[in-house]
Protein chains: 2
Amino acid sequence: MNYINGEVNNSEVNSYPHLGLQHDDFRSAAHALVDRIIDYYGTLAERQTFPNVKPGFMRTLLPGQAPEEAENWPQVFSDVEKVIMKGSTHWNSAGFLAFFPCGTSYPALLGDLLSGAANPIGFSWASSPACTELETVMMDWLAKALNLPEFYLHNGIGPGGGVIEGLASEATLMTLSSARSKAIRTQLSLHPNQTHHDIAKRLVAYSSNLSNSSVEKAGKIALVHLKLLDADKDGSLRGETLLAAIEIDKKNGKIPIYVCASLGTTACCTFDDLTEVGPICEKEGMWLHVDAAYAGSALLCPEFQYIRKGLEFTTSFNFNPHKWMMVNYDCSALWFKNSSHAVNALNVDPIYLQHEEMGSAIDYMHWQIGLGRRFRAIKIWFVLRMVGLEGLRSHVRRGVAEAKHLEGLVKKDSRYEILFPVTLGLVCFRLKIETFDEEKTNELNRKVYEAIHADRRFFITPASVGGKFFIRIATGHVNCSTAKLDECWNVIQDVTENLLGSSPHLDEYTADCSR
Amino acid sequence: MNYINGEVNNSEVNSYPHLGLQHDDFRSAAHALVDRIIDYYGTLAERQTFPNVKPGFMRTLLPGQAPEEAENWPQVFSDVEKVIMKGSTHWNSAGFLAFFPCGTSYPALLGDLLSGAANPIGFSWASSPACTELETVMMDWLAKALNLPEFYLHNGIGPGGGVIEGLASEATLMTLSSARSKAIRTQLSLHPNQTHHDIAKRLVAYSSNLSNSSVEKAGKIALVHLKLLDADKDGSLRGETLLAAIEIDKKNGKIPIYVCASLGTTACCTFDDLTEVGPICEKEGMWLHVDAAYAGSALLCPEFQYIRKGLEFTTSFNFNPHKWMMVNYDCSALWFKNSSHAVNALNVDPIYLQHEEMGSAIDYMHWQIGLGRRFRAIKIWFVLRMVGLEGLRSHVRRGVAEAKHLEGLVKKDSRYEILFPVTLGLVCFRLKIETFDEEKTNELNRKVYEAIHADRRFFITPASVGGKFFIRIATGHVNCSTAKLDECWNVIQDVTENLLGSSPHLDEYTADCSR
């Protein structure tokens with residue numbers, strides 16, 4: 001056929017089903033996929049966590065281009081195992097002990113399915129009132145369930161409220177950008193002849209050297225000098241460290257504007273001291289953001305409320321229900337004490353997004369980096385209702401109990417040391433060689449790590465803090481269990497014995513270590 | 001019960017199903033939900049597009065806090081209609097003619113369901129090889145299907161390749177940040193004593209005044225002076241306008257670094273002239289990003305290839321399969337001619353994210369703003385295979401044919417004028433009052449718009465370009481049809497007659513207009 005630029009040929013139109021499949025074909029495909037997912041979850045515990053594939057493996061499995069004509073569901077379905085499962089790292093297999101768990105549950109899957117079907121782009125209230133309003137109600141439910149300060153409620157005192165972002169990275173960038181814009185506005189009102197960059201170059205933000213890498217990345221994107229301050233030996237950012245940095249910076253003409261404090265650092269699940277950092281931020285008029293991406297879910301339980309001390313000083317608070325609250329990826333909850341600081345920072349309002357309820361309703365597009373947004377509140381709603389707060393507490397408690405169990409195993413073997421307090425579901429430990437230097441110890445532990453990874457039965461991640469390389473094991477996903485942790489511990493002990501021999505005298509390891 | 005800080009009570013553990021529901025309860029719930037979704041899609045055409053709700057409506061429908069104990073599926077399921085559907089703007093009902101369509105299809109829903117079940121966080125290759133590799137293959141499939149320049153292929157010549165972001169906003173921010181970092185590095189190599197801000201304050205980026213609001217927002221976040229240049233009378237950014245701006249800026253010591261050109265502007269679906277803008281960017285060493293969020297899908301069809309002229313000059317290219325390519329929200333495809341410019345811009349590599357294949361595999365976390373990412377490639381794979389390229393072309397052609405049909409109706413009524421060429425699936429028009437001034441014409445058209453919105457049978461959005469307020473109607477979603485557009489056109493004509501009376505002499509409108 002000859003195609004003429006831009007010409008419409010009506011015979012081409014309407015020859016395919018508008019939804020890509022007929023209703024009944026979708027019904028049978030979706031029912032089959034649901035059954036397949038149940039099989040997957042039913043056997044997931046025993047799947048090999050990390051796949052035996054090398055970079056580029058998929059090129060040989062797939063054609064070089066998309067098909068011209070539609071293929072049928074059975075063809076596609078049969079490739080799910082051959083292509084997807086073959087190369088997947090199974091985040092919820094029993095052997096997955098890496099990073100932090102990624103939440104999943106059947107109620108979340110149901111919610112996500114409905115969200116995909118409704119499929120609004122909820123940038124403004126008018127773009128789908130249900131999408132915006134369920135989000136405000138869910139953010140209040142979550143704030144109450146976590147016992148956050150009342151100023152974070154939509155339905156509370158003041159201009160506070162919550163929003164669902166995709167990831168903690170976005171929450172950090174959004175709050176840092178907001179703090180930056182607020183500081184620039186303040187300075188411009190004092191010195192109207194300065195440029196934004198004259199001011200921005202003097203701004204400084206702080207976080208600890210244990211904060212997530214996305215904090216540093218947010219500084220790079222927002223072009224704010226983000227200083228990583230040393231955490232203390234327990235992995236906590238302390239008031240005196242922050243104060244010393246602020247004093248030096250102020251002497252040098254800098255303007256301190258923002259602290260990103262961590263509750264539950266990524267490497268070692270340690271906690272910055274908000275009772276010390278908070279009053280300093282308050283006195284200096286600085287924005288105090290809390291990144292509790294992983295640990296935030298623990299606030300569901302009364303016995304972990306003690307980690308929230310100092311939250312009353314915060315300006316914004318973020319945690320990821322997609323980590324430890326059984327909600328599927330992606331879902332990150334962010335609260336502002338004063339949402340107008342976010343809205344004023346980045347607001348651009350073209351006419352095609354205006355609507356008649358503006359001003360009396362929330363337009364969440366101004367609370368986030370991007371413009372569009374998924375209807376993520378449904379999956380939170382389904383999980384909170386179908387699991388219930390007691391169910392979620394039980395899930396958190398199980399993860400902590402598993403970590404305590406593993407901690408007990410490590411402590412019984414004098415060749416190892418625990419490196420940070422096991423507060424929640426993360427255990428950090430290493431082989432120690434007391435007569436040797438740090439470098440040798442690191443080298444040995446790296447070999448232990450590499451041997452566990454090569455064994456493939458467990459997928460774990462290492463970390464390095466204060467020059468110490470160590471192994472971190474994260475518990476608490478749906479298929480984690482004390483029995484599986486026992487098995488993992490046996491693997492670690494076997495690996496250690498292969499490296500060290502059975503001698504209890506670790507200094508005999510000298511020769512091996514230099515190989 | 002008394003809770004002691006941090007203490008684990010083992011009796012609390014394991015009392016709830018780990019997946020939130022038993023396998024068989026999920027099976028029956030998911031099957032029922034699938035059937036419900038089919039009912040929804042089956043009746044969606046006739047749903048009232050915009051709901052009869054006011055801000056705050058949902059507070060009275062839901063309890064003030066989450067339940068302590070789990071509720072069962074029937075309770076939750078029965079609320080879907082009462083709470084969600086009641087307050088939803090139905091983006092795929094036949095009366096939805098606002099914004100641009102948001103893609104949906106049954107194959108996309110299947111893919112999204114599988115993606116949610118697999119649920120890896122694909123930040124690095126090791127975090128799930130299948131997630132990364134299917135994405136690289138799909139981005140090559142899409143690049144070939146759209147006939148993008150070969151340098152955008154992963155499997156092609158050079159360091160190019162594609163990545164799936166969530167939204168076009170992220171793609172713009174990512175490319176602008178990358179261009180900024182590249183410029184700062186270059187300047188630092190020439191003037192090592194300057195600070196980042198000394199350089200950043202001199203940087204300038206350009207886009208047309210018709211580019212999406214997210215472009216301006218990206219400038220605010222990245223702290224780059226983004227100048228909105230006037231599009232010409234056809235809504236196109238022209239070379240001479242860009243050149244004039246560059247010359248003035250260079251004379252004033254500025255450094256031009258970046259242009260965001262639009263193929264298919266949001267307000268009026270017009271096209272910047274890449275054959276003019278491109279060579280200027282090349283000569284000046286500027287980054288040329290193309291935002292083709294909506295219109296990009298048209299490149300699937302040979303007869304719309306003419307809009308791609310000049311793509312060989314681009315540095316990055318972005319379109320949203322979630323708009324017009326039947327893929328559910330969110331899914332935005334971005335290609336870099338040289339991905340190392342993105343990776344070098346924002347790379348932070350903590351040890352807990354390192355893995356043994358680093359350097360030989362892609363770690364997509366460096367290609368985007370955030371750290372984590374959904375497994376979005378599955379839904380693209382399912383749509384491309386189960387709809388096929390011919391099916392997708394048919395979908396695009398149907399949308400264009402609908403727009404041409406509506407254009408024909410508008411042109412037959414001399415009271416109206418078409419404002420921009422109807423190139424794809426958007427028709428922009430207004431009532432004209434030739435004897436009156438622009439302000440009166442705008443006021444009249446605003447009344448027409450408000451009356452259509454108040455009628456509630458159709459949801460449309462207005463826009464304003466060059467001081468002219470007009471109505472824009474976007475066609476092409478799954479339930480749009482020429483019959484429905486006829487009906488919409490009748491509503492518009494009724495509304496017009498109510499406002500104007502039946503007199504063909506529009507200057508009799510004077511009195512009404514001043515009310």
Side-chain angles (χ1 to χ4, degrees), chain A residues 3 5 8 12-13 16 18-21 23 26 30 34 37 55 58 65-66 69-71 87-89 105-107 112 116-117 128-130 133 141 144 167 169 197 201 213-214 216 223 302-303 306 328 348 350-352 361 370-372 384-385 387-388 391 394 397-398 401 461 463-464 478, chain B residues 3 5 8 12-13 16 18-21 26 30 34 37-38 55 58 65-66 69-71 87-89 105-107 112 116-117 128-130 133 141 144 167 169 197 201 213-214 216 223 302-303 306 328 348 350-352 361 370-372 384-385 387-388 391 394 397-398 401 461 463-464 478:
Chain A
Y3 292 99
N5 282 351
V8 176
E12 291 281 334
V13 166
Y16 284 78
H18 288 187
L19 286 161
L21 289 174
H23 294 308
F26 173 65
V34 164
I37 287 169
M58 206 183 278
Q65 60 285 316
E69 299 297 331
E71 297 178 56
S88 286
T89 301
S105 68
Y106 284 144
D112 212 20
S128 189
E133 301 229 352
W141 280 21
K144 289 176 186 172
L167 341 170
S169 332
H197 283 284
K201 72 194 286 186
S213 61
S214 58
E216 197 182 342
L223 218 58
E303 68 272 31
Y306 75 97
N328 282 51
V348 281
I351 190 169
Y352 52 79
L371 176 58
L384 285 172
R385 293 184 67 182
V387 180
S394 169
R397 284 168 184 150
R398 185 170 59 79
T461 32
S464 181
V478 293
Chain B
Y3 291 98
N5 282 351
V8 176
E12 292 282 335
V13 166
Y16 284 78
H18 288 187
L19 286 163
L21 290 173
F26 172 66
V34 164
I37 287 169
I38 292 167
M58 205 183 277
Q65 61 285 316
E69 299 297 330
E71 297 177 56
S88 284
T89 302
S105 68
Y106 284 145
D112 213 20
S128 188
E133 301 228 350
W141 281 21
K144 289 176 186 172
L167 341 169
S169 332
H197 282 284
K201 72 193 286 186
S213 61
S214 58
E216 197 182 343
L223 217 59
E303 67 272 31
Y306 75 97
N328 283 52
V348 281
I351 190 169
Y352 51 79
L371 176 58
L384 286 172
R385 293 185 68 184
V387 181
S394 170
R397 284 167 183 152
R398 185 170 59 79
T461 33
S464 181
V478 293

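Chain letters run A, B, ... following the sequence lines, proteins first and then strands; every chain starts at 1.
- For B:N328 (side chain) and A:G116 (main-chain N/O), a donor-acceptor pair under 3.5 Å exists by modelled atom type.
- Partners of B:K144 by side-chain hydrogen bond (donor to acceptor under 3.5 Å, both in side chains), not counting sequence neighbours: none found.
- Between chain A and the residues B:Q65, B:R385, B:K201, B:E71, the most heavy-atom pairs under 4.5 angstrom are made by B:R385.
- You'll find the side chain of B:L19 stays beyond 4.5 Å of the side chain of B:F26, heavy atoms only.
- Distance alone, capped at 3.5 Å, places no donor-acceptor pair between the B:S169 side chain and the B:S214 backbone.
- The contact between A:L223 and chain B is made by backbone and side chain atoms together, counting heavy-atom distances below 4.5 Å.
- Only the side chain of A:L167 comes within less than 4.5 Å of a heavy atom of chain B; its backbone N, CA, C and O stay farther away.
- Among the candidates B:V34, B:D112, B:I38, B:L384, the residue making the largest number of heavy-atom pairs closer than 4.5 Å to chain A is B:I38.
- The residue among A:S464, A:A463, A:P302 with the most heavy atom pairs within less than 4.5 Å of chain B is A:P302.
- The side-chain heavy atoms of A:S105 and A:V478, taken from C-beta on, include no pair separated by under 4.5 Å.
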